[in-house]
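The structure under discussion appears below in the form of structure tokens.
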There are 2 protein chains.
Amino acid sequence: MLDLKIAAGTGGQAASLGDAAYREMKERLIRGKYRPGYKMTVRAVAEDLGVSSTPARDAINRLTSEGALVYAGPKTVIVPVLGEQDLKELTTIRIALEGLASEKAAPFGSEQHVELLDEIQGRINAALDAGNYGEALWHNKEFHFHVYEMAGLPHLVAMIESLWLRVGPSLYNLYPEFAQERYGVRNHQMAMEALAERDGAALRAAFENDIRDGYRLLRLAARRSARA
Amino acid sequence: MLDLKIAAGTGGQAASLGDAAYREMKERLIRGKYRPGYKMTVRAVAEDLGVSSTPARDAINRLTSEGALVYAGPKTVIVPVLGEQDLKELTTIRIALEGLASEKAAPFGSEQHVELLDEIQGRINAALDAGNYGEALWHNKEFHFHVYEMAGLPHLVAMIESLWLRVGPSLYNLYPEFAQERYGVRNHQMAMEALAERDGAALRAAFENDIRDGYRLLRLAARRSARA
DNA sequence: TTCGCAAGTTTGTTGCAACAAAATTGCGAC
DNA sequence: GTCGCAATTTTGTTGCAACAAACTTGCGAA
């Protein structure tokens, strides 16, 4: 059991225990620590995080209002189970928003940025080689958001992050496909080239492709688990 | 002081007091009851809404995590004061998202929908004639969301709603321009025609225009209050 | 064996009091 | 009169206990 009181007091700029609990839950969600359908109870979260019920409740409430958790009954919130409809809609929104962010980021492309992205891509590949799926997903997120943040549009980045939060848990369902296909590599390569040339349209296209490729896999996994 | 306990118990599908408080605050925000910069304190909200501190705190937390309220200090949340940068960014996002929603809604256009929109437009005009600015804004929101909801994309509608929540309070700053210019009328007329013909591109253009027109006014108001 | 109801258990909600930190006020010295 | 420090007030945070609603379990009757 980790002690969030220390994290809140010293570490990552979390002012309150509720804040620390929220951040911790958010990271766990993105890292796929909780699977779709998992039931979140105030007391269980409080136990897991070593805090009392109030901060745990705060975290759950915030996550729910962002759509990272959903109501499954009058008194139960769960990690969302995304159906094909949801996946399709979220993908459409992601293309609109992440396409926008990448296009706006293109003019800020530089040698340094491309180098950093290349480094991150190296970490993705290494994690894939090591079979560490969670690490690969994490670095994949870093790759995307490093580009999105270049545009200097904080509201947009926050909205995109909340989208990733919703899709995150489902990403874990497509284990071995992701590792085998390495679908991101080509698209990421294209993205880096587009960024080097500051070509907004090309950068957008690369990211849209990446999102669509991911969607195909996700849809596959959704169908598989729907049959089960 | 209104009694939310009754609202939660009987009325608009609010399961808990915290939920009812959240909805009430949301509506007040969109209706412009609170001005930008207004400081939200737990105890004040609890007093206003006639509930204890816990549901009030819940509501403030949820609103904050959605961006409808923002942190202004270590221990203070306020109604956001949007600068020109924020306004520009939010407008860009709105065009991407509301443009998408309207385009996807176009194929569902029908005689009935256009009739209803025409009715809503009538209410906007009537409110404007009566000088009732709040009513006009409210019906304006109805007009937009009636179209957006036609597409059947609930995640998208929720995200757009959270954008309106951020801009809502600032809308009140542009009183008398809105009433005088009646900027929405032409664009809404175009939208209804496009919807009748199920022309996605035209519908998107009409809404994009509407958003941009609103942005011009908002920017004007932001500059005015920045000078003050 | 199966169905149904009742008792017990789990779980979210709410109000509140104690605590800590920040802001404000007021008093006194210079 | 002004500046600075200390006391007071305001305010967010946290933990907890009481309550209510939903769910689960198990026993008994058909």
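A, B, ... follow the sequence lines: proteins, then strands. Residue 1 opens every chain. Nothing here was measured: the structure is a model prediction, and the numbers come from that model. For the numbers below, each heavy atom of this structure counts, side chains included, while hydrogens, waters and symmetry mates do not.
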Rounded to whole angstrom units, what separation is found between the [atom1] atom of [X] and the [atom2] atom of [N]?
X	N	atom1	atom2	answer
R43(B)	dT14(D)	CZ	P	14 Å
R57(A)	dT13(C)	CZ	P	5 Å
K39(B)	dT24(C)	NZ	P	7 Å
D19(A)	dG12(D)	CG	P	15 Å
N61(A)	dT13(D)	CG	P	14 Å
I78(B)	dA23(C)	CD1	P	13 Å
D58(A)	dT13(C)	CG	C1'	13 Å
L49(A)	dT14(D)	CG	C1'	15 Å

Return yes if a side-chain donor-acceptor contact under 3.5 Å exists between H155(A) and E89(B), otherwise no.
-> no
Answer yes if the side chains of E66(B) and Y22(B) hold a donor-acceptor pair under 3.5 Å, and no otherwise.
-> yes
The residue, T54(B) or M40(B), whose nearest nucleotide of DNA chain D is more 5′ is M40(B)
Please work out if T41(B) contacts a base, only the sugar-phosphate, or nothing of the nucleic acid, heavy-atom cut-off 4.0 Å.
-> sugar-phosphate
Which part of the nucleic acid does S53(B) contact within heavy-atom distance under 4.0 Å: base, sugar-phosphate only, or nothing?
->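 Here S53(B) touches the bases of the nucleic acid.
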Taking OP1 and OP2 of dG15(C), is either one under 4.0 Å from a side-chain nitrogen or oxygen of S52(B)?
-> yes
Nearest-0.5 Å distance, CD of residue E47(B) to OG of residue S53(B) = 12.5 Å
Row check, W138(B) ring normal vs R123(B) NZ/CZ: under 6.0 Å, within 45° |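 That pair does not qualify as a cation-pi contact.
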